[in-house]
Amino acid sequence: MNVAIVDLGCGNVGSVAVGFERLGTDIRLTRDPADLLAAERVVLPGVGAAGFAMERIDALGLRDILTGLDKPLLGICLGMQLLFEASEEDDIACLGLIPGKVRRLEPGPGLPVPHMGWSRLDVREDGAGLRSGDYVYFAHGFAADDGPYSLATAQHGRTIPAVVRKGNLTGAQFHPERSGKAGAHFLRAFLSC
Amino acid sequence: MPAARIIPCLDVRDGRVVKGVQFRDHRDVGDIVEHALRYRDEGADELVFYDISASAEDRSLDFDWIRRIGREIDIPFAVAGGLRSREQAAACLEAGADKVSVNSPALERPELIGELARDFGSQCVVLGVDSLARDGAYFIHQYTGRVDRSRDTGLATLDWVREAVDRGAGEVVLNCMSRDGVRNGYDLAHVAAIVAAVPVPVIASGGAGAPEHFRDVLLESGASGALAATVFHDRIIHIPELKEYLASCGIEMRR
């Protein structure tokens with residue numbers, strides 16, 4: 001399996017890359033459109049801010065490539081948020097591939113933000129290699145609205161889509177590469193979807 | 001709320017794990033990757049690696065050991081010690097770290113926190129503080145990695161933590177210096193005061209000596225996690241048993 005990991009030059013692609021390498025996957029860190037077209041799977045990782053990431057996508061000329069892919073694409077954390085229509089973070093339009101918006105998580109007593117740590121999943125639909133009750137690692141201050149595309153959710157003040165799927169697109173709000181065995185199962189399921 | 005996190009802290013010097021009592025008399029306790037793997041296998045939720053000498057000696061981090069850990073473990077980890085620039089933080093994250101923790105250099109130049117938060121997101125930026133009581137109030141200490149440079153900044157802990165979070169820190173590791181390595185319990189009142197002051201997760205550090213100390217800080221202070229070193233390194237507390245005990249006390253644990 002040949003996996004292209006999009007390196008926007010704005011964040012943490014290192015741990016995503018080793019997450020796949022641990023599974024014996026042949027990965028390529030790239031920002032070259034030709035690599036994305038040639039790969040069997042594309043991964044859009046990302047930490048950092050939505051505005052800067054979208055700027056980089058446009059500056060590198062990747063918007064049309066990413067929106068036009070018909071092979072499996074996995075967005076991780078910020079990479080998942082970019083698949084939606086818009087984000088409150090930097091108040092920007094995103095790739096618009098999945099209906100819905102990304103909103104700020106509101107802190108409260110007993111509810112710190114960012115949502116940081118291991119949260120329990122509720123799995124609504126099989127197919128992502130995860131089971132209800134699995135704990136996976138989150139680190140984010142913004143989250144997409146829950147909706148019909150949620151395959152698995154977690155709770156942090158509100159219901160947070162932890163995994164979304166629409167057609168060839170999968171998004172993970174959590175960090176599979178840092179989620180122990182459950183995360184590895186999820187990555188394996190993506191490689192075989 | 002996520003499960004409460006149990007976080008072993010590994011003090012690193014020259015790629016080896018070391019541990020001192022009240023920041024002094026460091027002794028070698030072993031190889032860094034071996035320790036990381038052992039804690040991962042035992043169910044640690046996260047690891048923190050402090051390069052204890054880097055900040056005080058004005059040298060930057062050696063990124064090779066970060067890469068070794070990043071390859072081996074599949075749980076999150078933070079790296080701390082002497083990070084002074086966006087470039088150094090980027091190199092840590094590139095090497096596989098999930099978060100960077102800033103302490104003394106952020107006190108030298110508070111703008112550093114905002115620069116890191118802007119480029120990498122607040123969830124990557126941890127504020128480490130070393131806090132010590134004097135005349136009934138808590139103050140921030142700087143350069144605590146070295147006895148000869150460690151100093152009281154005169155800055156109130158509450159004020160500095162609030163400022164750092166306003167600047168973009170996404171988590172606070174509060175180390176209560178008087179408790180470090182002495183194993184008589186976390187400083188619950190101090191942790192609770194910091195939890196109440198900021199919206200971000202607060203990790204309690206300093207003082208763990210018995211499972212009851214973890215129970216108390218997680219039930220009573222509002223801390224999102226508890227960090228410890230000595231009790232884990234010296235195998236006084238075994239993480240699987242600790243987590244079973246805490247779960248039996250009604251604390252949500254990842255197991």
Side-chain angles (χ1 to χ4, degrees), chain A residues 7 9-19 21-23 29 46-53 77-78 89-90 105-120 133-142 154-157 174-184 187, chain B residues 1-7 40-41 43-46 63 66-67 69-78 89-100 116-126 168-172 195-196 198-203 222-225 252-255:
Chain A
D7 180 6
C10 67
N12 194 358
V13 295
S15 64
V16 173
V18 296
E21 280 170 350
R22 270 187 232 115
L23 304 178
L29 289 173
V47 294
F52 189 57
C77 197
L78 175 64
E89 186 179 25
D90 304 320
L105 294 171
E106 295 301 334
L111 200 67
V113 170
H115 172 213
M116 196 105 85
W118 299 76
S119 286
R120 191 185 173 283
D134 281 348
Y135 279 87
V136 293
Y137 181 75
F138 292 85
H140 61 122
F142 292 79
Q155 296 297 324
H156 193 68
F174 67 99
H175 288 272
E177 74 281 8
R178 288 288 181 247
S179 291
K181 290 193 177 81
L187 291 180
Chain B
M1 273 282 267
R5 282 176 273 162
I6 300 299
I7 307 174
R40 190 277 310 268
D41 292 343
D45 296 301
E46 187 171 325
F63 302 108
I66 302 173
R67 205 171 297 281
I69 293 160
R71 269 200 305 265
E72 295 287 342
I73 69 167
D74 53 7
I75 60 171
F77 69 100
C92 282
L93 296 171
E94 181 79 10
D98 299 279
K99 306 186 227 184
V100 290
L116 300 180
R118 187 192 60 221
D119 286 359
F120 308 116
S122 285
Q123 76 286 341
C124 278
V125 184
V126 180
E171 180 159 87
V172 175
V195 168
V198 292
V200 304
V202 174
I203 305 299
S224 294
E252 187 179 354
M253 289 279 121
R254 173 185 76 104
R255 284 188 294 165

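Quick note on labels: first sequence line is chain A, next is B, and so on, each numbered from 1. The figures here come from the full heavy-atom set of this structure, side chains too, leaving out hydrogens, waters and symmetry mates.
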Which one of A:H115, A:Q155, A:R178 has the most heavy-atom pairs closer than 4.5 Å to chain B?
A:R178

Examine whether an atom of B:R5 lies under 4.5 Å from a heavy atom of chain A, and if so say whether it belongs to the side chain, the backbone or both; otherwise answer neither.
side chain

I'd like to verify something: which residue of B:P76, B:A90, B:A3 has the highest number of heavy-atom pairs under 4.5 Å with chain A?
B:P76

Heavy atoms, side chains only, cut-off 4.5 Å: are B:D98 and B:E46 in contact?
no

Once salt bridge (Lys or Arg N to Asp or Glu O under 4.0 Å) is applied, do any residues pair with B:R118, and if so which ones, sequence neighbours excluded?
none

Please rank A:G108, A:A139, A:G51, A:G141 by heavy-atom pairs under 4.5 Å with chain B and give me the top one.
A:A139

Taking A:H140 for its side chain and A:F142 for its backbone only, find out whether a donor-acceptor pair lies under 3.5 Å.
yes

Looking only at atom types and distance, does a side-chain atom of A:H156 sit under 3.5 Å from a main-chain N or O of A:P112, one as donor and one as acceptor?
yes

Residue list, side chain to side chain donor-acceptor pair (under 3.5 Å) with B:D45, at least two apart or on another chain
B:K243, B:R254

Heavy-atom pairs under 4.5 Å with chain B are the metric here; pick the option from A:G180, A:P109, A:P107 that has the most.
A:G180

Between A:G110, A:A154, A:A17, the one whose heavy-atom pairs under 4.5 Å with chain B are most numerous
A:G110

